[in-house]
Amino acid sequence: MSIEYEEQLAGSLVDSFPKDFGYGVDNMDMMQENLENSPSADNKPRILLMGLRRSGKSSIQKVVFHKMSPNETLFLESTNKICKDDISGSSFVNFHIWDFPGQVDFFDPTFDYEMIFRGTGALIFVIDAQDDYVEALGRLHLTVSRAFRVNPEINFEVFIHKVDGLSDDHKIETQRDIHQRANDDLADASLEKLHLSFYLTSIYDHSIFEAFSKVVQKLIPQLPTLENLLNIFISNSGIEKAFLFDVVSKIYIATDSSPVDMQSYELCCDMIDVVIDVSCIYGLKDDGNGNAYDKESLAIIKLNNTTVLYLKEVTKFLALVCILREESFERKGLIDYNFHCFRKAIHEVFEVSSSTQRTGVAVQSSSPSSSGNGLARLKSAALNGTPRSQV
């Protein structure tokens with residue numbers, strides 16, 4: 001993503017620079033007071049990043065949400081404070097990320113960890129796959145077991161990180177070993193109901209974006225409706241795969257029910273970068289004003305294997321990226337008509353408005369009746385491009 005577009009987003013959409021809270025014996029009371037009195041602490045989901053020192057927590061946050069180059073993360077200093085980051089780069093992704101320093105014992109009796117876990121939507125524990133992870137597994141068990149007792153609704157995610165330096169066989173073996181040990185520890189503690197999700201991640205490829213996409217999707221209550229809409233759309237349009245992307249972070253909010261192929265996801269991510277970069281060069285006005293991504297944004301890329309990538313704007317923050325065959329793309333009029341129905345359904349589900357005050361991971365959802373109308377309207381898109389009677 002270009003620097004110009006990033007500056008536009010920083011100026012017009014978000015105030016996403018980290019807001020640090022100190023931690024220590026002298027200022028613990030002050031930090032506790034700040035957390036408890038934060039006006040947005042109770043109405044936005046929290047994602048906690050935890051793990052041992054130098055496991056890669058801050059690097060993940062910077063690469064995914066602040067577009068830092070992976071190579072630049074080598075110069076990041078070790079986190080020694082709780083860093084609270086308000087992620088508001090999309091109408092559909094709106095939450096807090098709290099980056100916890102790995103060297104601090106947050107289960108010290110002087111620290112009220114229950115207050116933290118009560119408002120948490122997801123807890124991501126990062127394990128360095130290139131290091132001895134015995135100590136990390138011990139900290140993982142202590143963290144998730146106590147958090148589960150405070151808030152059983154938390155989604156527990158384990159990022160097996162820095163796997164870019166491992167062979168494919170070593171990756172699989174490491175994941176199997178960590179999975180087995182972690183679940184054995186939970187079984188010994190009679191915590192079989194506590195579910196851990198495991199992901200192999202690296203900031204040097206798209207695996208970290210895909211993993212974060214899965215984490216965010218679990219925090220979106222409208223996810224089943226979005227998947228349903230995408231399934232109806234692709235089945236009536238001859239499309240093989242479709243992603244609903246947050247343009248800022250390249251996290252996909254939803255996809256259809258077919259399995260996600262990593263190569264397809266990478267192609268879609270790269271297409272978003274190409275569209276934004278080209279728009280910043282040729283799409284802005286002479287005085288530099290305007291947006292690199294707006295309601296007119298559309299792109300078609302034809303690959304040499306008869307595959308077509310098709311991108312269209314859904315909202316100011318979301319893009320639909322589709323993968324289809326050239327023969328299917330010959331019916332572009334049908335696809336565009338069905339997309340129009342899909343887009344109207346999305347707006348009905350989320351009541352998207354630039355003036356709407358965002359209060360959660362997803363903006364305020366519409367009533368069940370309007371969501372149902374959106375599905376019915378999309379289902380009315382016939383293969384010949386004419387409306388059928390509503391289902």
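Values below: every heavy atom of this structure, side chains too, minus hydrogens, waters and symmetry copies.
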**Report entry** Asp336 versus Tyr310, side-chain donor and acceptor atoms under 3.5 Å
**Finding:** yes
Could you check whether any side-chain heavy atom of Phe342 comes within less than 4.5 Å of a side-chain heavy atom of Ile232, counting everything from C-beta outward? no
> When you check the gap from the basic side-chain N to the acidic O, do Lys218 and Glu157 get nearer than 4.0 Å?
Replying inline: yes
Next on the checklist: For Arg325, is there any backbone N or O sitting under 3.5 Å from a side-chain donor or acceptor partner on Thr307?
Outcome noted: no
query = Can you find a heavy atom in the side chain of Lys241 that is under 4.5 Å from one in the side chain of Cys268?
reply = no
Quiz prompt | Ile281-Val247 co-clustered via ILVMFWY side chain contacts under 4.5 Å | solution = no
Quiz item: Hey, is CD on Glu327 packed in by over 12 heavy atoms from elsewhere, all under 6.0 Å?
Solution: yes
d(His141 NE2, Asp184 CG) to nearest 0.5 Å is 11.0 Å
* Asked: Is there a side-chain contact between Gln175 and Val163, using heavy atoms and a 4.5 Å cut-off?
  -> no
Handout entry: Heavy-atom check, side chain of Leu196 versus side chain of Phe125, under 4.5 Å
Key = no
Notebook entry, point to check: Looking only at atom types and distance, does a side-chain atom of Ser207 sit under 3.5 Å from a main-chain N or O of Ser202, one as donor and one as acceptor?
Noted result: yes
With the 4.5 Å side-chain cut-off for hydrophobic clustering, are Ile208 and Leu52 part of the same group?
no
Heavy-atom closest pair (Asn183 atom, His179 atom, distance to 0.1 Å) is ND2-O, 2.8 Å
Can the ring centroids of Tyr265 and Phe245 be said to lie less than 6.0 angstrom from one another? yes
Flag, side chain of Gln130 to backbone of Lys162, donor-acceptor distance under 3.5 Å
yes
| field | Derivation and outcome, salt bridge (charged side-chain N to carboxylate O under 4.0 Å, His left out), residues Arg139 and Glu135 | value | CA-CA 6 Å; Arg139 177 67 70 88; Glu135 182 183 356; 5.4 Å; no
Distance col, row Leu140:CG vs Leu186:CG, nearest 0.5 angstrom, shows 7.5 Å
- side chain to side chain contact (heavy atoms under 4.5 Å, CB included) between Ile346 and Leu320: does it pass, once the steps are laid out? CA-CA 11 Å; Ile346 291 292; Leu320 181 70; over 6 Å; no
All heavy atoms of Ala122 vs all of Val215, minimum pair found to be CB-CG1, 4.0 Å
Q | Backbone of Glu313 reached by a side-chain donor or acceptor of Ser297 within 3.5 Å | A | no
For Val150 and Thr120, what are the C-alpha separation, side-chain angles and deciding distance, and is it a side chain to side chain contact (heavy atoms under 4.5 Å, CB included)? CA-CA 10 Å; Val150 174; Thr120 297; over 6 Å; no
query: Under 3.5 Å, side chain of Asn338 to main-chain N/O of Asn236, donor-acceptor pair present?
result: yes
Residues Met271 and Ile300: closest non-hydrogen pair is CE-N, 4.2 Å
Q: For residues Asp85 and Asp99, determine if any side-chain heavy atom of one lies less than 4.5 Å from a side-chain heavy atom of the other.
A: no
Donor-acceptor contact present, side-chain His347 to main-chain Val314, <3.5 Å:
yes
Are any non-hydrogen side-chain atoms of Arg118 and Asn151 less than 4.5 angstrom apart?
no
On a heavy-atom basis, the closest approach of Ala242 and Thr255 is O-OG1, 2.7 Å
Between the CG atom in Asp132 and the CG atom in Leu137, the distance rounded to the nearest 0.5 Å is 9.0 Å
Partner of Tyr133 under side-chain hydrogen bond (donor to acceptor under 3.5 Å, both in side chains), picked from Asp128, Thr174, Asp177, is Asp177
Under 3.5 Å, side chain of Ser237 to main-chain N/O of Ile234, donor-acceptor pair present? no
Practice problem: Examine Ile301 and Leu298 and state if one hydrophobic cluster contains both, with Ile, Leu, Val, Met, Phe, Trp and Tyr joined whenever side-chain heavy atoms are less than 4.5 Å apart. | Solution: yes
Subject >> Heavy-atom side-chain proximity of Val144 to Leu191 below 4.5 angstrom >> reply: no
Check your understanding: Above 12 or not: heavy atoms from other molecules or residues under 6.0 Å from NZ of Lys302?
Key -> no
In short, Ile203 meets Thr73 closest at the heavy-atom pair CD1-OG1, 3.4 Å
Original post:
Would you say Lys57's side chain and Ile124's backbone share a donor-acceptor pair under 3.5 angstrom?
Top reply: no
So SG of Cys322 and CD of Glu240: to nearest 0.5 Å the spacing works out to 11.0 Å
Closest heavy-atom pair, Leu76 versus Arg54, reported as atoms and distance to 0.1 Å, is O-NH1, 3.7 Å
Taking the side chain as every heavy atom from C-beta outward, state whether Phe95 and Val216 have any pair of such atoms under 4.5 Å apart. yes
*asked:* With a 4.5 Å cut-off on side-chain heavy-atom distances among I, L, V, M, F, W and Y, is there a chain of contacts connecting Met50 to Met115?
replied: yes
Rounded to the nearest 0.5 Å, the CD atom of Gln222 sits from the CD1 atom of Ile253 at a distance of 11.0 Å
Can you list the steps and then say if Phe159 with Phe212 is a side chain to side chain contact (heavy atoms under 4.5 Å, CB included)? CA-CA 10 Å; Phe159 285 6; Phe212 240 105; 4.0 Å; yes
Hey, mind stepping through Tyr252 and Val321 against side chain to side chain contact (heavy atoms under 4.5 Å, CB included) and telling me if it holds? CA-CA 10 Å; Tyr252 66 94; Val321 184; over 6 Å; no
Check for a donor-acceptor pair, side chain of Arg46 on one end and backbone N or O of Trp98 on the other, with a separation under 3.5 Å.
no
Side chains of Asp169 and Ser167: is there a donor and an acceptor less than 3.5 Å apart?
no
When rounded to the nearest 0.5 Å, the distance separating CD of Glu173 from CD1 of Ile178 is 10.5 Å
What about Val126 and Met68, same hydrophobic cluster or not, with Ile/Leu/Val/Met/Phe/Trp/Tyr joined at side-chain heavy-atom distances under 4.5 Å? no
